[in-house]
Colleague: 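Okay, here's the structure, questions in a sec.
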Protein chains: 2
Amino acid sequence: MSKADNHDLTKERLLDEAETLFAQKGYDAVSVREITNAARCNLAAVNYHFGNKKNLYLEVFRARWIPRSRRLQESFKKSLGGAGAASPRAVARALAEAFLVGPMSDEERFRHHQLMVRELGQSTEALELVADDVMRPFMKRLADMLHPAMPEGLGKERVLLHILSMFAMVLYFNFARGAVTRITGREYTKAFKARLVEHITEFSLTGLGVGEDLH
Amino acid sequence: MSKADNHDLTKERLLDEAETLFAQKGYDAVSVREITNAARCNLAAVNYHFGNKKNLYLEVFRARWIPRSRRLQESFKKSLGGAGAASPRAVARALAEAFLVGPMSDEERFRHHQLMVRELGQSTEALELVADDVMRPFMKRLADMLHPAMPEGLGKERVLLHILSMFAMVLYFNFARGAVTRITGREYTKAFKARLVEHITEFSLTGLGVGEDLH
DNA sequence: GTCTATAGCAGGATAGAC
DNA sequence: GTCTATCCTGCTATAGAC
């Protein structure tokens, strides 16, 4: 009876197909016809279930993106282990692990970050939803975890910049997958993803002021 | 007689306005009418000068984006100084400086990276243009500069990942400006940009395996 | 809740006058 | 080279049958 089981319901299928298409092409490049065809239902279904196209888009974030982001954060938490204070190394690794391997399929992960990047560029209504609901709290939690372990005298702002930089990498290696493959010549196999996790961890780590621990 | 002087020519105005609008909203969200209105010329001008909308888009990359990218790389080179072998620190700083302060206005820099990110997400014709023409050669030059200075035994691939990570940050702090401001509470003033350059340099640096030089 | 049919409009593109 | 007028396609959205 979980959400995935409802895939036979028209409304759920619409959300699934809409998310895929919006992620692939962007809001304006996708027509309602395209979505309803993919979902094997009638053109009018979008307006019946969601009122209009824009609302369907927002509902994709509410009903799909945000819950997935929560799962991602759960995965991060679990990967860190229940322990109290985490080392910067553990935080960096858990972050890279959750976002690059984590609890979802390759296709789902790609979709997730494509949508995010599309929103990050401009300030739309969907970003508002996401920003206060899941991004900010997560950032704050990360900052609270990292701050005590960082070199003393490091202001909150610098900690924030460190966190943003980790996100920048995680985001980039997910959404710019095509360019990364083109440049490195490597497909996103299990092995390469493991290597990316390794790389991001190390790259982040020394940036966190614990370079001495490295060797 | 430079290109900027030609802004009174319809064709040049079209390229300028098209680039701004495409960067702001994405290809599909912008209509030819919108572009010709902004350029204060007739609807038919796009088809007269460029054949069709898609071609105008590609021409924006050929005639605006790529030359600007070249100027950016020149700025990077100049910022490094003519010296032969550059230290990783010098490279990281010059890169951050060129991309975050560099030779262009804030608005132009934003436009430039917005367009890039829109293209990085999917594999379009415009990306083909850019990838082989300016991205790959620049990456290669960076790799050649950095490789000898990195810890021995560090493979070419890892050097590439380091470079990609620097690009990830530079890209992120440019195109996700809205989100960064939202999270840090800081506008992109001269002071904040200087801080970002500092941050990216340090963050990149220790990731480049020279953490010992830091303090 | 799902369908067909269609209204109503905005889009890209072109023909042809000037 | 720039304009107006117009074609035609494809879009979102809705009305109303089932």
Side-chain angles (χ1 to χ4, degrees), chain A residues 1 3-64 115 118-119 122 124-126, chain B residues 1 3-64 115 118-119 122 124-126:
Chain A
M1 287 297 168
K3 202 174 285 167
D5 296 323
N6 295 343
H7 184 78
D8 51 312
L9 294 182
T10 297
K11 191 171 176 180
E12 302 300 317
R13 278 203 320 274
L14 279 171
L15 284 169
D16 290 338
E17 301 298 336
E19 185 180 21
T20 302
L21 287 165
F22 284 142
Q24 277 170 5
K25 312 186 173 190
Y27 180 83
D28 294 280
V30 179
S31 71
V32 173
R33 288 160 207 275
E34 210 173 345
I35 297 169
T36 50
N37 282 343
R40 300 184 312 286
C41 69
N42 192 268
L43 170 63
V46 162
N47 294 288
Y48 177 76
H49 286 287
F50 303 97
N52 56 38
K53 181 186 174 185
K54 173 108 173 283
N55 231 319
L56 165 57
Y57 182 72
L58 291 176
E59 197 60 25
V60 162
F61 276 85
R62 274 189 286 259
R64 292 284 185 274
L115 276 177
R118 289 192 191 283
E119 286 305 311
Q122 58 237 319
T124 81
E125 212 172 320
Chain B
M1 286 298 166
K3 200 174 287 170
D5 296 324
N6 294 345
H7 185 77
D8 50 316
L9 294 183
T10 297
K11 192 171 175 180
E12 303 299 317
R13 279 204 320 275
L14 278 172
L15 283 169
D16 290 338
E17 301 298 336
E19 185 180 20
T20 302
L21 287 165
F22 285 141
Q24 278 171 3
K25 310 185 175 191
Y27 181 82
D28 295 280
V30 179
S31 70
V32 172
R33 288 172 161 84
E34 207 174 347
I35 297 169
T36 51
N37 282 343
R40 298 182 313 286
C41 69
N42 191 269
L43 170 61
V46 162
N47 295 288
Y48 177 76
H49 286 284
F50 303 96
N52 55 40
K53 181 187 175 185
K54 174 109 171 280
N55 229 319
L56 165 58
Y57 182 71
L58 291 176
E59 197 59 26
V60 162
F61 276 85
R62 274 189 285 261
R64 292 284 185 275
L115 276 177
R118 289 193 191 283
E119 287 304 312
Q122 57 238 320
T124 82
E125 213 171 321

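Quick caveat, the model's predicted, so the values are computed rather than measured. Residue numbering restarts at 1 for every chain, and letters A, B, ... go by the order of the sequence lines.
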Colleague: Does the cation-pi check pass for A:K11 over A:Y48, that is, NZ or CZ under 6.0 Å from the six-membered ring centre and within 45° of its axis?
Modeller: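 No.
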
Colleague: Using whole Å, what does the distance between atom P of nucleotide D:dG10 and atom NZ of A:K53 come to?
Modeller: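 To the nearest whole Å, that distance equals 16 Å.
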
Colleague: Counting only heavy atoms not in A:E125 (residues, nucleotides, ligands), do more than 12 fall under 6.0 Å from its CD?
Modeller: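 Count not over threshold, so no.
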
Colleague: Parallel, tilted or perpendicular: which one describes the rings of A:Y27 and A:F22, with boundaries at 30° and 60°?
Modeller: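 Parallel: the ring planes of A:Y27 and A:F22 meet at under 30°.
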
Colleague: Output the rounded distance in Å from CG (B:N42) to C1' (C:dA17).
Modeller: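 Those two atoms, CG and C1', are 13 Å apart.
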
Colleague: Rounded to whole Å, how long is the line connecting atom CZ of B:F50 with atom P of D:dT2?
Modeller: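 The answer, rounded to whole Å, is 11 Å.
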
Colleague: Shortest non-hydrogen contact from A:R118 to A:Q24?
Modeller: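 Here A:R118 and A:Q24 meet closest at NH2-O, 3.0 Å.
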
Colleague: Rounded to whole angstrom units, what separation is found between the CZ atom of B:R40 and the C1' atom of D:dT2?
Modeller: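 My rounded result for the distance is 15 Å.
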
Colleague: Could you check A:N47 against A:E34 and say which one's nearest nucleotide on DNA chain D is further toward the 5' end?
Modeller: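 Taking each residue's closest nucleotide, the earlier one in sequence belongs to A:E34.
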
Colleague: May I have the distance from A:R13 (atom CZ) to C:dG1 (atom P), rounded to whole angstrom?
Modeller: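 Roughly 14 Å, once rounded to whole Å.
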
Colleague: Please classify the nucleic acid contact of B:A45 as base, sugar-phosphate, or nothing, using heavy-atom distances under 4.0 Å.
Modeller: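 Result for B:A45 = nothing.
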
Colleague: For the pair made of CG in A:N37 and C1' in C:dT4, what is the distance, rounded to whole Å?
Modeller: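 One finds 15 Å between C1' of C:dT4 and CG of A:N37, rounded.
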
Colleague: Ignoring the backbone of B:S31, work out which of D:dG1, C:dG11, D:dC3 is nearest its side chain.
Modeller: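 The answer is C:dG11.
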
Colleague: Grab the CG-C1' distance between A:D28 and D:dG10 for me, whole Å please.
Modeller: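 Atom CG in A:D28 sits about 15 Å away from atom C1' in D:dG10.
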
Colleague: Measure from the side chain of B:H49, starting at C-beta and using heavy atoms only, and say which of C:dT4, D:dT2, D:dT12 lies closest.
Modeller: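 Within the option list, the nearest is D:dT2.
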
Colleague: Could you tell me how far apart A:Y48 (OH) and D:dA13 (C1') are, to the nearest whole angstrom?
Modeller: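 Taking atom C1' of D:dA13 as the reference, OH of A:Y48 is at 16 Å.
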
Colleague: For the side chain of B:L43, starting at C-beta, report the closest nucleotide among C:dA13, C:dT2, C:dT14.
Modeller: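 Output: C:dA13.
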
Colleague: With a 3.5 Å cut-off and heavy atoms only, can you find an N or O donor on one side and an acceptor on the other between the side chain of B:R33 and the base of C:dG12?
Modeller: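 Such a pair is found, so the answer is yes.
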
Colleague: Of the non-hydrogen atoms in B:T36 and B:V46, which two are nearest, and what is the gap between them?
Modeller: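 So the minimum-distance heavy-atom pair works out to CG2-CG2, 3.8 Å.
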
